[in-house]
Amino acid sequence: MSASGGTKAIVAALAANLAIAVAKFVAFLFSGSSSMLAESVHSLADSGNQALLLLGGKKAQREATPQHPFGYGRERYIYAFLVSIVLFSVGGMFAIYEGYEKIKHPHEIDHWYWPVGVLVFAIIAETFSFRTAIKESNPLRGQKSWKEFVRHAKAPELPVVLLEDLGALVGLILALGGVGLALLTGDGVWDGIGTLCIGVLLIVIALVLAVETKSLLLGEAAGIEDVQKIEASVVDGATVTGIIHMRTLHLGPEELLVAAKIAVRHDGTATEIATAIDAAEARIRQAVPIARVIYLEPDIYSEAEAAKGPDPQATPGGPAHPPAHPPADH
């Protein structure tokens, strides 16, 4: 996994969650708090999720094979999607079940200092983990809002860790609130309500992760800035005069496929066109280094053909979009 994959943030989150999971489970054994049990399972699920992200990053580094000629970059998307499933099933559904049982059969919390002490420790540890994730994300986020970063990031690891850490902090506050109200009122129902809220929170986060990683699995185009750089790099004004249509696709977070039909001068020789295509590919790779696979098809632009509109067969699943910069007629 490259540095942009947020390995440091994943390892920090994994270390924090393993320590917190053990502490929470010990607190549950001494206090009988369902919020602590739900939170210990939550931390254990998060630890498994970070292990999945690291495994996905490792598998994504495998070399391309004849059966998988574009490599295994999408392994990172697959494992990020598995994270959402684990968070939903193991974390969210278990917490909802445990909360329901505690509301139905409430009992007082024993040895209150165990859950309160562990929750305070966990909040401090998760804050450091969340801070690391934010620090690792800021260089990639740039001027984007956090919402835009989570929605449009091509590397799934950092958005996953950010949402997990945010969910963990909010979940800890909910657990502390549930335990605190149970202690103040002497009614264990509040502990169950806190547990139920944790379950709902985890399911919401899992659904957000599932939607975003599903989009990556289906195949997303390059960002607007990269598309503009590629378009500017293709045209040289001499032999290559414009782009008839172009498609981009992320083969992985740091691997981009570029396929375009380009307009060339009608009087250019085969040697001139081949040289111009090679030069255009070099310019694209210089402007957008993640453009690893490039296919440029030369054609003679025709105003009459362009007037017919996009060819429905040009793009699987729907009509092609018109070129961003229509070439001059030749």
Side-chain angles (χ1 to χ4, degrees), residues 64 66 68-74 76-77 142 144 148 151-156 211-330:
H68 298 279
F70 293 114
Y72 292 86
R74 288 196 181 184
R76 287 165 66 179
Y77 299 152
K144 296 177 183 176
E148 290 175 330
R151 293 202 62 188
H152 302 297
K154 304 304 180 184
V211 170
E212 296 305 322
T213 51
K214 173 192 171 187
S215 178
L216 292 169
L217 277 172
L218 287 174
E220 288 190 357
I224 295 176
E225 292 182 0
D226 283 343
V227 169
Q228 291 173 343
K229 290 178 182 179
I230 293 169
E231 289 175 340
S233 300
V234 170
V235 180
D236 62 9
T239 303
V240 181
T241 59
I243 301 172
I244 298 174
H245 65 72
M246 183 177 75
R247 300 290 177 270
T248 60
L249 178 68
H250 269 274
L251 302 173
E254 285 91 29
E255 291 182 286
L256 187 66
L257 180 148
V258 179
K261 179 173 283 191
I262 58 176
V264 298
R265 296 183 62 86
H266 68 279
D267 55 352
T269 66
T271 300
E272 290 173 339
I273 292 172
T275 301
I277 289 175
D278 290 340
E281 290 179 353
R283 291 194 300 271
I284 291 172
R285 289 192 172 95
Q286 184 176 8
V288 183
I290 65 172
R292 307 282 177 83
V293 183
I294 303 173
Y295 299 109
L296 300 180
E297 178 187 354
D299 201 352
I300 305 298
Y301 180 76
S302 167
E303 188 69 38
E305 289 296 321
K308 295 179 182 179
D311 180 5
Q313 303 301 320
T315 302
H321 295 288
H325 303 291
D329 187 19
H330 290 283

(message) Using 0.5 Å steps for rounding, measure from the CG atom of Leu296 to the CG atom of Asp278.
(response)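 These two atoms lie 9.5 Å from each other.
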
(request) Would you give the length of the straight line joining atom CD of Glu272 to atom CD1 of Ile277, rounded to the nearest 0.5 angstrom? (result)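 Reported to 0.5 Å precision, the distance equals 12.0 Å.
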
(request) Test Leu251 against Leu256 for side chain to side chain contact (heavy atoms under 4.5 Å, CB included), laying out the working first. (result) CA-CA 6 Å; Leu251 302 173; Leu256 187 66; over 6 Å; no

Spell out, as yes or no, whether a donor-acceptor pair under 3.5 Å connects the side chain of [X] to the backbone of [Y].
{"X": "Arg292", "Y": "Arg285", "answer": "no"}
{"X": "Arg151", "Y": "Glu212", "answer": "no"}
{"X": "Asp236", "Y": "Thr239", "answer": "yes"}

Minimum heavy-atom separation for [X] and [Y], please, with both atom names.
{"X": "Ile290", "Y": "Pro253", "answer": "CD1-O, 4.4 Å"}
{"X": "Val235", "Y": "Arg283", "answer": "C-NH2, 4.1 Å"}
{"X": "Ala287", "Y": "Lys229", "answer": "O-CD, 3.9 Å"}
{"X": "Tyr77", "Y": "Thr213", "answer": "O-CB, 4.4 Å"}
{"X": "Val227", "Y": "Met246", "answer": "CG1-CE, 3.9 Å"}

(message) Using a strict threshold of under 4.0 Å (side-chain N to carboxylate O), is an ion pair present between Arg74 and Glu255?
(response)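 Salt bridge: no.
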
Report yes if the side chains of [X] and [Y] come closer than 4.5 Å at any heavy-atom pair, otherwise no.
{"X": "Gln286", "Y": "Glu281", "value": "no"}
{"X": "Thr275", "Y": "Ile273", "value": "no"}
{"X": "Val234", "Y": "Ile262", "value": "yes"}
{"X": "Asp299", "Y": "Val264", "value": "no"}
{"X": "Leu257", "Y": "Phe70", "value": "yes"}

(message) Run the ring pair (Phe, Tyr, Trp, His ring centres under 6.0 Å) test against His68 and tell me which residues pass, sequence neighbours left out.
(response)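 Counting only residues at least two positions away or on another chain, His68 forms a ring pair (Phe, Tyr, Trp, His ring centres under 6.0 Å) with Tyr72.
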
Ignoring hydrogens and angles, write down the donor-acceptor pairs under 3.5 Å from the side chains of residues 218-225, residues two or more places apart or on other chains.
{"residue": "Glu220", "atom": "OE1", "partner": "Lys154", "partner atom": "NZ", "Å": "2.6"}
{"residue": "Glu220", "atom": "OE2", "partner": "Ser215", "partner atom": "OG", "Å": "2.4"}

(request) For Glu148, enumerate each residue passing the salt bridge (Lys or Arg N to Asp or Glu O under 4.0 Å) test, keeping only those at least two apart in sequence or located in another chain. (result)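 Glu148: no salt bridge (Lys or Arg N to Asp or Glu O under 4.0 Å) contacts found.
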
(request) Determine, step by step, whether Leu216 and His250 satisfy the side chain to side chain contact (heavy atoms under 4.5 Å, CB included) criterion, reporting the C-alpha distance in whole Å, the side-chain angles of both residues, the deciding distance to 0.1 Å, and the verdict. (result) CA-CA 8 Å; Leu216 292 169; His250 269 274; over 6 Å; no

